[in-house]
Protein chains: 2
Amino acid sequence: MEETQGVVKHLLLTRFKEDIHPQQIDELIKGYADLVDQIEPMKAFHWGTDVSAENLHQGFTHVFESTFESVEGIAEYVKHPVHVEFADKFLSALDKVVVVDYKPTVLKP
Amino acid sequence: MEETQGVVKHLLLTRFKEDIHPQQIDELIKGYADLVDQIEPMKAFHWGTDVSAENLHQGFTHVFESTFESVEGIAEYVKHPVHVEFADKFLSALDKVVVVDYKPTVLKP
């Protein structure tokens with residue numbers, strides 16, 4: 001289990017609306033990254049753009065992965081006023097989003 | 001960038017078909033995990049089930065995340081005979097799948 005013990009990942013796959021300019025996207029990503037310093041239960045943030053070659057991305061172009069210590073931490077984050085304000089802006093810039101939370105494990109079932 | 005430097009994540013969100021039994025799902029997950037020992041460029045494997053409460057999961061129930069050192073490594077993995085054989089079985093058990101590859105970064109744009 002190593003580094004992932006007890007960790008819960010909050011994962012978003014997104015596509016931005018066509019009329020959202022690259023500079024606005026950059027600002028939204030910066031705003032997302034800035035949440036780590038403002039919302040205590042959010043422990044880490046990583047993002048990246050899709051570079052897959054298999055053509056199974058279903059139109060998703062960006063991945064956002066944040067790390068928490070518990071599902072309760074995610075609930076606290078979701079309700080946090082700073083997140084609520086950011087999420088309003090962020091979600092309104094998307095035309096496609098899926099959000100899953102999971103506890104990454106290497107254990108075989 | 002720490003631990004994620006140079007890493008490429010291969011991420012699947014899936015939902016299994018309704019007629020796939022839990023035991024078959026367990027076997028498929030074990031088969032997926034076993035690829036790490038058989039396909040050199042695949043460096044790590046983690047999986048988990050969705051525990052989100054926001055109801056934005058779009059029906060996806062499982063997350064599979066494997067780690068590579070490069071996009072070339074993913075291409076090698078995708079073509080590897082052991083993967084091809086496994087993927088045939090695995091994908092045929094799914095009624096929903098999205099696959100994205102991304103280089104996780106903490107860098108702000």
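Everything quoted here is computed from the prediction, not taken from an experiment.
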Identify the residues of [range] whose heavy atoms come closer than 4.5 Å to a heavy atom of chain A, ordered by number, or report 'none'.
{"range": "residues 54-68 of chain B", "value": "B:Glu54, B:Leu56, B:His57, B:Gln58, B:Phe60, B:Val63, B:Glu65"}
{"range": "residues 78-86 of chain B", "value": "B:Val78"}
{"range": "residues 96-103 of chain B", "value": "B:Val97, B:Val98, B:Val99, B:Val100, B:Asp101, B:Tyr102, B:Lys103"}

Margin query: Could you tell me if the side chain of B:Ile74 sits less than 4.5 Å from the side chain of A:Val51, heavy atoms only?
Written below: no
Check: Side-chain contact, heavy-atom cut-off 4.5 Å: B:Val36 with A:Val106?
Finding: no
Notebook entry, point to check: Of the listed residues (A:Ala53, A:Ser52, A:Gly48), which shares the most heavy-atom pairs with chain B below a 4.5 Å separation?
Noted result: A:Ser52
Going hydrophobic residue to hydrophobic residue with side-chain gaps under 4.5 angstrom, can you get from [X] over to [Y]?
{"X": "A:Tyr77", "Y": "A:Ile29", "value": "yes"}
{"X": "B:Leu35", "Y": "B:Val71", "value": "yes"}
{"X": "B:Phe45", "Y": "B:Phe90", "value": "yes"}

Note to self: Are there over 12 heavy-atom neighbours, none belonging to A:Gln38, within less than 6.0 Å of that residue's CD?
What the structure shows: yes
Next item on the list: Please look at B:Leu12 and chain A and tell me whether the side chain, the backbone, both or neither of the residue comes under 4.5 angstrom of a heavy atom of that chain.
Entry: neither
Next item on the list: Using the test salt bridge (charged side-chain N to carboxylate O under 4.0 Å, His left out), find all partners of A:Lys17 that sit at least two apart in sequence or belong to another chain.
Entry: none
